[in-house]
Amino acid sequence: MTKVGKVYEGMLQAAGLRFGIVCARFNEFFVSKLLDGAVDAIVRHGGNAEKIEVAWVPGSYELPFGAAKMARSGNYDAVLALGVVIQGATPHAGYINAEVSKALAQIGLETGVPVAYGLITADNIEQAIERSGTKAGNKGADAALAGIEMANLIKTF
């Protein structure tokens, strides 16, 4: 292993952390499963469910707006953005996915609050099912783990 001066790493310990979760109502059947996975992951890692606040927005395109408001409020150690975009017959999904991805990353950079990406970008309903809690795991839980780790990491600087 290469020698370096100091190494910074986040822990997967959610105790004492406050989370804001913004969820897209469009494809709510899947998004509610992502939300359940995120809350479960936070609680399993020592977090308090009562310190989790959830905002519902109309669709995935509105996730960045909700995430920005939460991140700028100063009330959260991390913000999670959860949504599901399923490819249809038009290129609509690709445009949404690209813009939402860029915007969420920019919000984290501008505010200094970690914004975890929990957007499923599926080609079909089967992929959405797999990624919202079946054989491919739960991307809401994955986003929560990233949020926990990043919230702890930024406290080490």
Side-chain angles (χ1 to χ4, degrees), residues 7-86 93-122 127-134 136-157:
V7 175
Y8 298 93
E9 289 187 274
M11 308 176 303
L12 285 175
Q13 178 51 255
L17 297 177
R18 300 160 301 151
F19 296 91
I21 304 177
V22 59
C23 298
R25 195 176 304 109
F26 198 83
N27 287 321
E28 186 272 337
F29 174 80
F30 300 111
V31 178
S32 64
K33 296 187 179 352
L34 298 178
L35 177 59
D36 290 345
V39 171
D40 181 64
I42 292 167
V43 170
R44 284 179 186 264
H45 287 84
N48 182 345
E50 292 180 13
K51 292 196 179 219
I52 301 170
E53 296 183 1
V54 178
W56 286 89
V57 297
S60 292
Y61 191 77
E62 292 78 25
L63 287 171
F65 184 83
K69 294 296 272 185
M70 285 185 151
R72 290 183 181 120
S73 73
N75 295 330
Y76 309 103
D77 296 296
V79 174
L80 316 179
L82 307 178
V84 177
V85 178
I86 301 172
Y95 295 124
I96 290 174
N97 296 338
E99 293 306 315
V100 170
S101 298
K102 287 183 225 167
L104 293 174
Q106 191 62 39
I107 292 161
L109 293 171
E110 289 175 358
T111 64
V113 175
V115 177
Y117 182 84
L119 185 67
I120 292 176
T121 56
Q127 287 180 352
I129 291 168
E130 289 173 2
R131 288 160 177 76
S132 59
T134 61
N138 184 303
K139 298 307 174 191
D142 293 347
L145 295 176
I148 293 167
E149 186 171 346
M150 289 302 295
N152 283 305
L153 175 65
I154 64 172
K155 290 179 181 206
T156 65
F157 297 113

Please determine whether the number of non-hydrogen atoms from other residues, nucleotides or ligands lying under 6.0 Å from atom CZ of Arg25 exceeds 12.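 Counting other residues, nucleotides and ligands, CZ of Arg25 exceeds 12 neighbours.
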Going from [atom1] on [X] to [atom2] on [Y], what distance comes out if it is rounded to the nearest 0.5 angstrom?
{"X": "Phe30", "Y": "Ile129", "atom1": "CZ", "atom2": "CD1", "answer": "5.0 Å"}
{"X": "Ile96", "Y": "Ser101", "atom1": "CD1", "atom2": "OG", "answer": "11.0 Å"}
{"X": "Ile52", "Y": "Leu17", "atom1": "CD1", "atom2": "CG", "answer": "10.5 Å"}
{"X": "Asp36", "Y": "Ser132", "atom1": "CG", "atom2": "OG", "answer": "10.5 Å"}
{"X": "Leu82", "Y": "Ile21", "atom1": "CG", "atom2": "CD1", "answer": "6.0 Å"}

Closest non-hydrogen atom pair, Tyr117 against Leu104: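 Residues Tyr117 and Leu104, closest heavy atoms: CD1-CD1, 3.9 Å.
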Taking all heavy atoms of Ile107 and all of Ala71, pick out the closest pair and write down the distance.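 In terms of heavy atoms, the two residues are closest at CG2-CB, 4.0 Å.
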Would you find a donor on one side and an acceptor on the other, under 3.5 Å apart, between the side chain of [X] and the backbone of [Y]?
{"X": "Thr121", "Y": "Asn97", "result": "no"}
{"X": "Asn152", "Y": "Met11", "result": "yes"}
{"X": "Arg18", "Y": "Asn75", "result": "yes"}
{"X": "Asn138", "Y": "Lys33", "result": "yes"}

Identified side-chain contact (heavy atoms from CB on, under 4.5 Å) partner of Leu80 from the options Val115, Val54, Leu63, Ile42: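 Testing Leu80 for a side-chain contact (heavy atoms from CB on, under 4.5 Å) against Val115, Val54, Leu63, Ile42 leaves exactly one candidate, Ile42.
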Within residues 59-72 or reaching into it, pairs that qualify as side-chain hydrogen bond (donor to acceptor under 3.5 Å, both in side chains) - sequence neighbours excluded: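 Those involving residues 59-72 are Arg72-Glu110.
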Set of residues satisfying salt bridge (charged side-chain N to carboxylate O under 4.0 Å, His left out) with respect to Glu99, sequence neighbours excluded: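 Salt bridge (charged side-chain N to carboxylate O under 4.0 Å, His left out) list for Glu99, sorted by chain: Lys102.
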Validation row, ring centre Tyr8 to ring centre Phe157 under 6.0 Å: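 Yes, the ring centres sit under 6.0 Å apart.
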Assess whether side-chain contact (heavy atoms from CB on, under 4.5 Å) is satisfied between Val57 and Val22, documenting all intermediate values. CA-CA 7 Å; Val57 297; Val22 59; 3.7 Å; yes
For residues 139-151, please give each side-chain donor-acceptor pair under 3.5 Å, one per line with the distance, not counting sequence neighbours.
residue : atom : partner : partner atom : Å
Lys139  : NZ   : Asp142  : OD2          : 3.4

Residue pair Val31 / Trp56, side-chain heavy-atom distance below 4.5 Å: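 Yes, at least one pair of side-chain atoms sits under 4.5 Å.
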